[in-house]
Amino acid sequence: MRIVVLPGDGIGPEITAATSVVLRAASERFQLGVSVEEHAVGHASLEQFGTTVRPELLDSVRTADGLILGPTATFDFKDEARGEINPSRYFRRNLDLFANVRPARTYPGRSTRFGAFDLVVVRENTEGFYADRNMEQGNAELLVTPDVAISLRRITRPCCERIAHAACKLAMKRRRHLTIVHKANVLKIGDGLFLDVCREVARSYSGLAIDDVLVDAMMAHVVRQPERFDVIVATNMFGDILSDLTAELSGSLGLGGSLNIGAHYAMAQAAHGSAPDIAGKDIANPISLILSMALLLSWHGERAGAPRFEEAARAIESAVAAAMRDGQVTRDVGGSRGTAATGQAIADNLNE
Ligand code: NAD
């Protein structure tokens with residue numbers, strides 16, 4: 001398995017290094033034969049090559065078996081004409097990574113302010129309110145006058161259908177419960193279409209329980225009773241916001257794994273951003289990217305018919321759970337270890 005690794009900005013290089021330690025340990029223990037090809041992206045690439053993402057990287061990723069993208073300082077990248085491209089958007093769009101799968105769960109032995117739960121947010125990843133990627137050409141945000149801004153959202157039946165199928169397939173492998181999150185009471189046309197299509201698709205999965213919740217009420221329900229949910233499907237922006245909340249409910253934003261999946265490619269990414277406030281201090285939690293990498297191994301194993309990759313992914317999740325239980329983790333989740341030491345503890349757990 002050849003994996004392209006792009007460390008990114010802020011805490012990106014630190015959490016990517018910790019993830020690579022765990023990946024190497026998993027590759028050795030399960031004989032995965034993983035090889036890694038690392039390139040600069042974000043500010044490092046802008047300084048070196050005059051662009052945050054070189055187009056050659058797309059070819060490398062297309063011929064590889066997976067991509068690990070560290071968080072990048074997307075808020076800094078405002079002018080594409082100056083090479084300031086949002087790398088996350090670039091790969092999601094060019095590789096048509098339409099499903100963003102974001103699991104969130106609590107860990108035995110680590111108390112949180114809320115109850116135990118295990119859920120997955122499946123977020124549509126290619127359209128919705130993301131104005132920088134929902135048009136064939138141009139940007140769907142318009143400045144009509146200096147004081148008038150318009151942001152357009154795109155919702156299409158094919159994108160709703162494919163994300164609904166992705167969510168239903170996942171739910172069928174879990175507790176067979178799908179919750180559709182929407183705002184169809186106000187966005188009657190756009191979210192109305194999303195809700196109708198998701199319901200239609202979900203009804204074709206026999207034995208799948210379906211319900212739906214308005215996105216604003218969802219914020220209360222998921223805080224009050226997170227254990228009530230199994231797989232949650234949402235449009236792009238609602239899913240993005242909701243999955244940060246569910247990661248934080250599980251103990252920290254730094255625990256939120258995230259895999260972006262298309263028909264042919266997958267990109268592992270931390271659910272959080274580049275966290276410049278804690279960059280370079282060896283305190284960032286690497287677990288989000290480690291869990292995302294495990295999701296990538298599992299995705300590859302399923303496609304390649306190679307169960308040892310899925311076994312390795314499960315072992316990484318158990319090694320993370322053991323590190324959480326034993327407090328061999330960063331301080332955001334109650335431990336006292338640094339980023340690198342947390343990665344090492346998880347790698348050591350894998351070998352036990
Ligand atoms: P952020 O997600 O980087 O940080 C939010 C808060 O969570 C901060 O207090 C941070 O310290 C904390 N945090 C985040 N990750 C953590 C971790 N692994 N361990 C411990 N604490 C963690 O959000 P932000 O500060 O609003 O954004 C910073 C930059 O990241 C911006 O440029 C933004 O555009 C970008 N961003 C990038 C991505 C991406 O690359 N996919 C996603 C979101 C934001």
Side-chain angles (χ1 to χ4, degrees), residues 5-19 22 40-46 52-53 57 67-79 84-93 95 97 100-102 104 110 112 121 123 125-126 129-133 236-237 239-260 266-293 295-296 320 323-324 328-343 346:
V5 175
L6 308 172
D9 299 309
I11 60 171
E14 297 164 71
I15 63 170
T16 306
T19 300
V22 179
V41 77
H43 277 296
S45 174
L46 190 63
T52 50
V53 197
L57 290 186
L67 166 63
I68 297 177
L69 175 65
T72 56
T74 45
F75 198 61
D76 297 351
F77 307 142
K78 298 195 167 66
D79 187 355
E84 295 173 0
I85 296 157
N86 172 352
S88 173
R89 193 239 341 137
Y90 182 80
F91 289 112
R92 284 178 189 179
R93 186 170 178 160
L95 302 174
L97 304 175
N100 186 197
V101 175
R102 294 184 161 188
R110 283 279 108 187
T112 60
V121 175
R123 161 195 176 198
N125 218 11
T126 54
F129 241 131
Y130 283 72
D132 62 342
R133 68 202 71 168
N236 201 339
M237 190 168 286
D240 194 10
I241 297 167
L242 176 60
S243 57
D244 268 25
L245 175 63
T246 52
E248 190 64 30
L249 287 178
S250 78
S252 167
L253 195 47
L255 293 176
S258 168
L259 188 68
N260 301 269
M267 170 170 83
Q269 229 183 343
H272 54 75
S274 59
D277 53 335
I278 56 168
K281 296 180 179 162
D282 192 37
I283 57 173
N285 190 340
I287 290 178
S288 171
L289 198 59
I290 290 169
L291 291 174
S292 306
M293 173 271 287
L295 289 169
L296 180 65
V320 166
M324 288 287 285
Q328 301 165 314
V329 283
T330 45
R331 64 188 192 192
D332 57 311
V333 279
S336 56
R337 290 198 171 219
T339 308
T342 299
I346 294 167

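Ligands are counted one by one from 1 in listed order, and the atoms in each one are counted from 1 as well. From a predicted model like this one, the values you see are computed outputs, not experimental measurements. Just so it is clear, the values below take in all heavy atoms, side chains as well, and ignore hydrogens, waters and symmetry mates.
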- Query: Which is it for Ser88 and Leu69 under the side-chain contact (heavy atoms from CB on, under 4.5 Å) test, yes or no, and what are the steps along the way?
  - Reply: CA-CA 8 Å; Ser88 173; Leu69 175 65; 4.3 Å; yes
- Query: So is Arg123 actually on top of Tyr130's ring, under 6.0 Å and inside 45° of the axis?
  - Reply: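 Because its charged atom sits under 6.0 Å from the ring centre and within 45° of the axis, Arg123 does stack over Tyr130.
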- Task: Output the set of protein residues with a heavy-atom contact under 4.0 Å to ligand 1, ordered first by chain identifier and then by residue number.
- Result: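 Within 4.0 Å of ligand 1, the protein residues are Ile11, Pro71, Thr72, Ala73, Thr74, Phe75, Leu253, Gly254, Gln269, His272, Gly273, Ser274, Ala275, Pro276, Asp277, Ile278, Ala284, Asn285, Asp332.
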- Decide whether Asp76 and His43 meet the rule of one side-chain donor and one side-chain acceptor closer than 3.5 Å.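 Short answer, yes.
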- Query: Does a donor on one side chain sit under 3.5 Å from an acceptor on the other, for Thr342 and Gln328?
  - Reply: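 Judged by distance alone, the side chains do not pair up.
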- Spacing of CG belonging to Asp9 relative to OG1 belonging to Thr52, to within rounding of 0.5 Å: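 Here the interatomic distance stands at 9.0 Å.
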- Task: Start with the C-alpha gap between Arg89 and Thr74, add the side-chain angles, then the distance that decides, and say whether side-chain contact (heavy atoms from CB on, under 4.5 Å) holds.
- Result: CA-CA 9 Å; Arg89 193 239 341 137; Thr74 45; over 6 Å; no
